[in-house]
Amino acid sequence: MRLRNAAFLSALLVLCLFQAALAAGPARNVIVLIADGTGAEQYTLARWYKGAPLAQDAILTGMVRTFIADSVVADSAPAATAFATGVRSSDKFISVGPKAKVLNGQPVPPEALRYRPLATVLEGARLQGRATGIVATSRVSHATPAAYLAHVPSRAMETEIMEQAVYQGVDVVLGGGRGYLTPKDAGGSRKDGRDLLPVLRQRGYELPTKADELAAAKGPKIFGLFAKSHMAADLDRAAIAAGEPGLEDMTAKAIAVLSKNPKGFFLMVEGSQIDWADHANDPAHLISDLMAFDRSVQTALDFAKKRKDTLVVVVSDHNTGGMSIGNASTSGTYSQMSLEALLEPLRKMHVSGETLWKGLGKEPTPEKVQRAVLEGWGMEISPEEARKVIAVAAARKEDPYYALGEVLCPEHTQLGWTTHGHTGGDVPLFAFGPGSPKGLITGPDLGQATARALGIDLAALNRRLFVDAVEAFPGQTSFAGGVLRIEHKGKLAELPANENILRLDGREIRLEGLVVHAPDTGKTYIPAQAVQKIKGRAKK
Ligand SMILES: [Zn+2]
């Protein structure tokens with residue numbers, strides 16, 4: 001008996017040491033699923049529509065406050081930055097530190113933090129030897145996925161974001177945005193004339209562009225972009241983009257590939273277009289993309305529930321549209337609202353407002369609008385309503401199709417919308433597994449919790465990945481043409497921004513992190529590893 005105990009204890013000790021070598025955190029794997037632009041009421045609508053609990057209903061653990069450094073209402077970029085880095089940042093910022101201007105009563109960020117790249121949970125997981133992945137239905141260079149992949153002071157810098165994504169060393173990237181891999185004159189979207197496809201091939205990525213190619217991909221490295229820009233709305237995919245995989249297909253593939261890594265994995269999945277449907281006040285697009293998100297959450301939970309080592313977090317970055325069940329036309333009748341009254345109008349909608357509007361051509365007439373709305377949305381609208389749709393659409397410079405939901409939802413559905421923008425309320429938090437965050441927390445709290453779950457010390461990670469080059473090499477640096485040059489003891493080192501490359505003595509060294517230039521401060525940040533290589537080699 002004593003012998004058996006001793007054997008058991010030594011086995012336990014070996015197991016513990018093995019675990020400790022992997023990570024100090026309680027979770028081997030972390031999957032964060034972000035329903036962009038989803039408040040509690042959108043979930044309520046989706047639950048009624050589904051006629052059953054949502055995949056995450058049983059794991060509700062709290063609420064998340066969504067404000068950012070300089071606004072009560074969040075933009076996706078700083079909201080996702082908080083999830084990715086554990087730091088509250090400024091409007092439009094992608095995983096760089098906030099500017100000085102903050103909300104009244106909030107602490108002013110220290111000078112050294114401003115515009116500084118902030119290490120992400122994904123980067124931490126990668127340096128631990130874990131597999132990493134990003135899945136989205138937007139361009140993967142769009143705000144939310146970008147916050148896990150890149151460090152730039154504006155979400156609009158998608159040329160730079162995609163470059164950093166390519167050099168980041170993520171194992172699996174699935175979504176839209178293929179245009180940002182190739183230059184404009186070759187039919188792509190890049191402004192810098194670069195072609196990143198050879199870089200991806202050189203780094204051993206499979207490059208599927210269709211659902212069947214994704215299904216056949218073996219991994220471990222897949223950069224699968226299935227649309228030049230954003231992927232199709234889930235509601236429209238069968239009709240206009242049948243070759244694209246759905247969010248749940250990409251989620252399942254990512255988990256299957258990443259979970260082969262014995263050290264575990266980090267995966268972020270975004271239901272990107274829930275937000276856009278809310279912006280458009282488009283209920284059918286909203287429900288369809290929320291259902292796809294629900295199936296993706298189920299896929300993640302099915303994986304996690306078979307094991308005890310996987311943290312699944314389901315969260316939103318903010319509410320969009322301020323959708324309500326009940327609107328101005330239900331002011332006197334709300335307490336007799338039947339499920340049929342709520343759901344029947346929505347079940348007749350078979351196309352997104354955007355695709356419906358595109359089908360009208362350049363000069364929509366009231367008759368055309370009436371016919372298209374009857375066919376696509378199942379609504380019989382009057383000529384006056386059709387004229388109003390056209391007038392509202394014409395008054396909008398961008399996104400004319402927003403007129404459809406804005407004009408038609410109040411009279412033809414039971415749903416209300418308060419804005420085409422975002423709103424500032426708390427959003428529901430769901431979590432399952434070791435290290436689950438609970439209670440009323442903030443976006444940065446969530447980022448810290450996922451880092452803790454994986455045993456990532458974010459402060460140490462920031463010191464390891466982002467050293468101010470001027471501080472490390474005073475008087476020896478210059479930055480021009482997108483390249484940092486360091487002249488140290490007679491040797492020249494070159495580090496192109498947005499890449500993980502150090503050129504030294506005619507050699508090209510792949511670094512463990514990105515070189516990031518902050519245009520607002522003129523500072524360039526390089527991995528501590530680069531500092532050691534340059535100083536070490538110069539000594540010889
Ligand atoms: Zn949005």
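As the structure lists them, so they are numbered: ligands from 1, and atoms in each ligand from 1.
Less than 2.8 Å away from the Zn ion (ligand 1), the protein contributes these N/O/S atoms: Asp275 OD1, Asp275 OD2, His279 NE2, His422 NE2.
The side chain to side chain contact (heavy atoms under 4.5 Å, CB included) search around Asn498 returns Glu160, Glu163, Gln164, not counting sequence neighbours.
Thr299 and Ser296 form no side-chain donor-acceptor contact under 3.5 Å, judged by distance and modelled atom types alone. Between the side chains of Ser352 and Asp236, a donor-acceptor pair is found at a separation under 3.5 Å.
Applying the side chain to side chain contact (heavy atoms under 4.5 Å, CB included) test between Val269 and each of Ile34, Leu247, Thr137 identifies Leu247 as the sole match.
Taking the six-membered ring where the residue is Trp, the centroids of Tyr525 and His151 are separated by 6.0 Å or more. Aromatic pair His350/Trp377: ring centres not closer than 6.0 Å.
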